[in-house]
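Here is the structure we will look at, set down as structure tokens.
Below, chain A is the first sequence line, B the second, and so on; all start at residue 1.
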2 protein chains.
Amino acid sequence: MNEQRARGDAPSQGRRGRESRRAARLASAASAPAGNLKRRIPTYDLLGEEDLLRIEDAAETILQEIGIEFRNDASALALWRDAGADIDGERVRLPRGLARKLCGTAPREFTQLARNPERNVVMGGDNVIFAPAYGSPFVQDMDEGRRYGSLEDFRNFVRLAYLSPNIHHSGGTVCEPVDIPVSKRHLDMVLAHLTFSDKPLLGGVTGPDRATDCIDMCRIVFGAETTERDCVILGNVNVNSPLVYDGTVTMVMRAYAAANQGVIVTPFILGGAMGPVTNAGAIAQAHAETMAGIAFTQLVRPGAPAVYGNFLSSMALRSGAPTFGTPEPALGSLVVGQLARRLGLPLRCSGAFTTSKATDAQAMNESAMSMLAAIHCGANYILHSAGWLEGGLSMGYEKFMLDADFLGSLAVYLGGLRVDDATLALDAFREVGPGYHFFGCAHTMAHFETAFWDSALSDNLSFEQWRDGGGWDAEMRANAAWRKALADYAPPPIDPATAEALDAFVAKRKESLPDAWY
Amino acid sequence: MNEQRARGDAPSQGRRGRESRRAARLASAASAPAGNLKRRIPTYDLLGEEDLLRIEDAAETILQEIGIEFRNDASALALWRDAGADIDGERVRLPRGLARKLCGTAPREFTQLARNPERNVVMGGDNVIFAPAYGSPFVQDMDEGRRYGSLEDFRNFVRLAYLSPNIHHSGGTVCEPVDIPVSKRHLDMVLAHLTFSDKPLLGGVTGPDRATDCIDMCRIVFGAETTERDCVILGNVNVNSPLVYDGTVTMVMRAYAAANQGVIVTPFILGGAMGPVTNAGAIAQAHAETMAGIAFTQLVRPGAPAVYGNFLSSMALRSGAPTFGTPEPALGSLVVGQLARRLGLPLRCSGAFTTSKATDAQAMNESAMSMLAAIHCGANYILHSAGWLEGGLSMGYEKFMLDADFLGSLAVYLGGLRVDDATLALDAFREVGPGYHFFGCAHTMAHFETAFWDSALSDNLSFEQWRDGGGWDAEMRANAAWRKALADYAPPPIDPATAEALDAFVAKRKESLPDAWY
């Protein structure tokens, strides 16, 4: 870390004053409304009590009769044995109700600290947090097309998420920086999150030592005492569905939970492949897998923060290819939301899903279908809220901007509809009367500035204005928007000693680690 | 009407046999599942009892204190006077509760007959009906761009709606055929609906004589007795918001209601222009306007079928331009749905709204936001379900196909999620066990064919397959799809005597009508 980077790569001392003024202005412009959103609309509850009980019962049957394999981690098996599970080789069968009981020590709600305290977020309850897409090996934009992601792409998406007022969380692997060895990648990724942004973040999950590195970097930023007491980082782990937790996953979960940091436990189920082809069964399986995982974090450290994760999707039956943004997982999300609330756990859901390769009509149609299910199901943490393309294989610059803009619309939607004297506006009717317009009336003047969501990227002009302005489609406008955002970007301030300590930590760890690509 | 048209413009007798076999095949392939959809998911109820009562109370205050103007129709004023309203010039003030009470004689549910009885639809209850967009002067496609709509465009959209298995209703003015004088346009439009399709339809609303012509044409098809007894046509009328019904509108309403045909009463409110800039007030106004209109149909003929219409949208505050697919009207629709159910009336809502000029990411994002609100609010009849672009000024061929495809996804969504032994699939878990995939298991084999929605237009292929196949975006695929659909189109069979009688009616009416362009 050096000063230049902290000041937006300002090329000369002479520009520093102007740069830092601009940085201050942009830093405040970049601010999301402090922390996360609050949901002021009801959840959309799809199923009734009887159906929910049947799914919960099926999940208990799966845990009791079929069981879950905890592979390659003897310590995990020992924890389960001590908790009263039936251990048969690596197969762990749980007496009915055990997983649910163990989940009871996880907090219903917890705060994740951000480097900038104004950006702390609360997981659980009525809180809603949007985070970028996660994990794609490829990136794409209109100018350079599709290519492997690099560290510079990674930093760009961290910058763009920082700049978006609609994104509350910096996320984790916003794209894979494939130019960095896997063994060192987590260091550069967490360093980028901690320096190019001041929003909360996810840490590495590809191995327990890497998870520990990420937590250690947070100790530098937040202090060891705070890190012991509060959640400052979370790991988002996937179950090796169906019904398997591999040792890498459980050891990573143990690293986070033991340090009192958060674990998001997310089954990874494409119906017909890693789970049954019917929704109810896939949901029962997901519920069993998630409960077992969260129960496991509580065996490691009762009270450690944990999040109930959801990742269901479907399959194209002609080709076997995964599909996203389809109606079945949308319905599934609604049910998963009900199950998570009945367990009393914060819920992670997925957002802007699509299989489209282009930032086109299909992409935003599927994304909207998927996002609205996440909104309606009561999700607290919505991963993959921006950028996702191609079933998660690619992170799109233009897609990111369009998704992030749509999040602004969803924030308004989540705010609900206020009914009071001011909004009922009877005086406006008295003033205007039948047949006249409301443009200039006192009520309109008093309320118009905040009345309607104002999209940064939608074009509402007339056809003629639009055509004469170049006839740009949404993707072209998004292209201009991310280019301008990155050109104007300035990083949030950071204490120079902290920045130096982070740089030193990364340098030292990199020295001691081999270059490995797995 | 001639035989050639009935056989798909087959150019020669020699091709007739083949053509009619193809027609028979396509006619059955074109079938939507008989009639309309059934909703098997709950409505999404946004507001609680107290807020709903406040809005209903505000609507009653508007009707009682401000009143509604019924202009240029002395008969309308007389009906209101006899019903106990306070008449002051053209201003009609209704005692609290009068409009609601009058709405009570409208049927909660009614059937609209289609020329093909398998396509009859039920308005109200749990029924959902998708109809194309309505009223645009322009059409557009990728090849020829944007232009005024013609009768041939009109017929094309009737053909495409007929061919779509996801569209249940032929709609009304699917585009304005501006090459035909307004005074005669209704004849060609209704003729096209009745011959190029066999799905139910909307009739003309630009004048009472024109409405009567449309009803008379239905009498030819359905018989006078059936038309007196059953709903065979509906007129979709807009209130001259705020708080005005012009004489043209009320005379058209009288024509339909007197013939025992349906009226859809739809306020037209862009918040800040034709109503207050705040949602609650705009909804109260809409509720007042709709109740007054439906009450009026019941004064004309108690028991006449009527539909509670909803058309709310917002405004771009920088330009004053209307906006669509934004969060405020989505919330508004949810509340309007609650109000319509409390009145016990079938609900019409609007679907695939957007201001986009292109069939791009913005178009389908806004459309999905708007459509899902219509789905969640419990709408029975969703107008503008396919084709809408540019705030309703343009009907897009490619947009139509993408919207119609999305309707298939929404049909699955409306089907809900079944929980039973077959869908919980415990035997599949017993068969597969942890760590194995479900591709070939007995449960997957038994269920995969019907498990997942299969989009006709989404591309789920890998990037490489997609790129090597030409790298088409959604708009390009939609372009190929509508061209193929129209090339393959064959009209549904019609009794030749009926076709001749319709043609004769149209010819005779055209002779007696002047060419007028208003």
Quick one: pull up CD1 in A:Ile41 and CG in B:Leu331 and give me the separation to the nearest 0.5 Å.
7.0 Å
Below 4.5 Å from any heavy atom of chain A, which atoms of B:Leu414 appear? Answer side chain, backbone, both or neither.
neither
Relative to chain A, which segment of B:Glu65 carries a heavy atom at a distance below 4.5 Å: side chain, backbone, both, or neither?
side chain
Between B:Gly275, B:Ala363, B:Ala316, which shows the greatest number of heavy-atom pairs under 4.5 Å with chain A?
B:Gly275
With respect to chain A, which residue among B:Ala358, B:Ser314, B:Pro329 yields the maximal number of heavy-atom pairs within a distance under 4.5 Å?
B:Ser314
Working to the nearest 0.5 angstrom, can you tell me the gap between B:Met274 CE and A:His437 NE2?
11.0 Å
To the nearest 0.5 Å, tell me how far B:Asp51 CG sits from A:Leu424 CG.
8.5 Å
Between B:Leu402, B:Thr326, B:Leu372, the one whose heavy-atom pairs under 4.5 Å with chain A are most numerous
B:Leu372
Side chain, backbone, both or neither: which part of A:Ser458 has a heavy atom under 4.5 Å from chain B?
both
Where on A:Ile283 is there a heavy atom nearer than 4.5 Å to chain B: the side chain, the backbone, both, or neither?
side chain
Pick one of side chain, backbone, both or neither for A:Leu389, based on which atoms fall under 4.5 Å of a heavy atom in chain B.
neither
Which portion of A:Arg418 sits near chain B, non-hydrogen atoms under 4.5 angstrom:
backbone
Side-chain donor-acceptor pair present, B:Thr355, A:Asn460, cut-off under 3.5 Å
yes
I'd like to check B:His376 versus A:His376 (side-chain heavy atoms, cut-off strictly below 4.5 Å). Are they in contact?
yes
Tell me, do A:Pro42 and B:Leu46 make a side-chain contact under 4.5 Å, heavy atoms counted?
yes
Top contributor to chain A interface from B:Thr423, B:Leu243, B:Asp454 [non-hydrogen pairs under 4.5 Å]
B:Thr423
CZ-CD1 distance between B:Phe438 and A:Ile269, expressed to the nearest 0.5 angstrom:
8.0 Å
Please check: side-chain N/O of A:Gln362 versus main-chain N/O of B:Asp459, any donor-acceptor pairing under 3.5 Å?
yes
Let me know if A:Ala446 has heavy atoms under 4.5 Å from chain B in its side chain, its backbone, both or neither.
neither
Contact class of A:Phe324 relative to chain B, heavy atoms under 4.5 angstrom
neither
Tell me, side chain or backbone of A:Thr43 under 4.5 Å from chain B's heavy atoms, or both, or neither?
backbone
About how many Å separate CZ of A:Phe406 and CG of B:Asn365, when rounded to the nearest 0.5 Å?
4.5 Å
Okay, A:Glu366 and chain B: the region with an atom under 4.5 Å from a heavy atom over there is side chain
What distance do B:Ser462 atom OG and A:Glu390 atom CD have between them, rounded to the nearest 0.5 Å?
8.0 Å
Applying a strict 4.5 Å limit to non-hydrogen atoms, the region of A:Asp421 in contact with chain B is both
Side chain, backbone, both or neither: which part of A:Met315 has a heavy atom under 4.5 Å from chain B?
both
A:Ser367 portion near chain B, given a 4.5 angstrom heavy-atom threshold:
neither
With chain A, which of B:Met369, B:Glu475, B:Lys357 has the greatest number of heavy-atom pairs at distances under 4.5 Å?
B:Lys357
Is B:Asp45 in contact with chain A via its backbone, its side chain, both, or neither, using a 4.5 Å heavy-atom distance?
backbone
Is B:Ser394 in contact with chain A via its backbone, its side chain, both, or neither, using a 4.5 Å heavy-atom distance?
neither
Contact leader toward chain A among B:Ala425, B:Pro434, B:Ala411, B:Ala280, where contacts are heavy-atom pairs under 4.5 Å:
B:Pro434
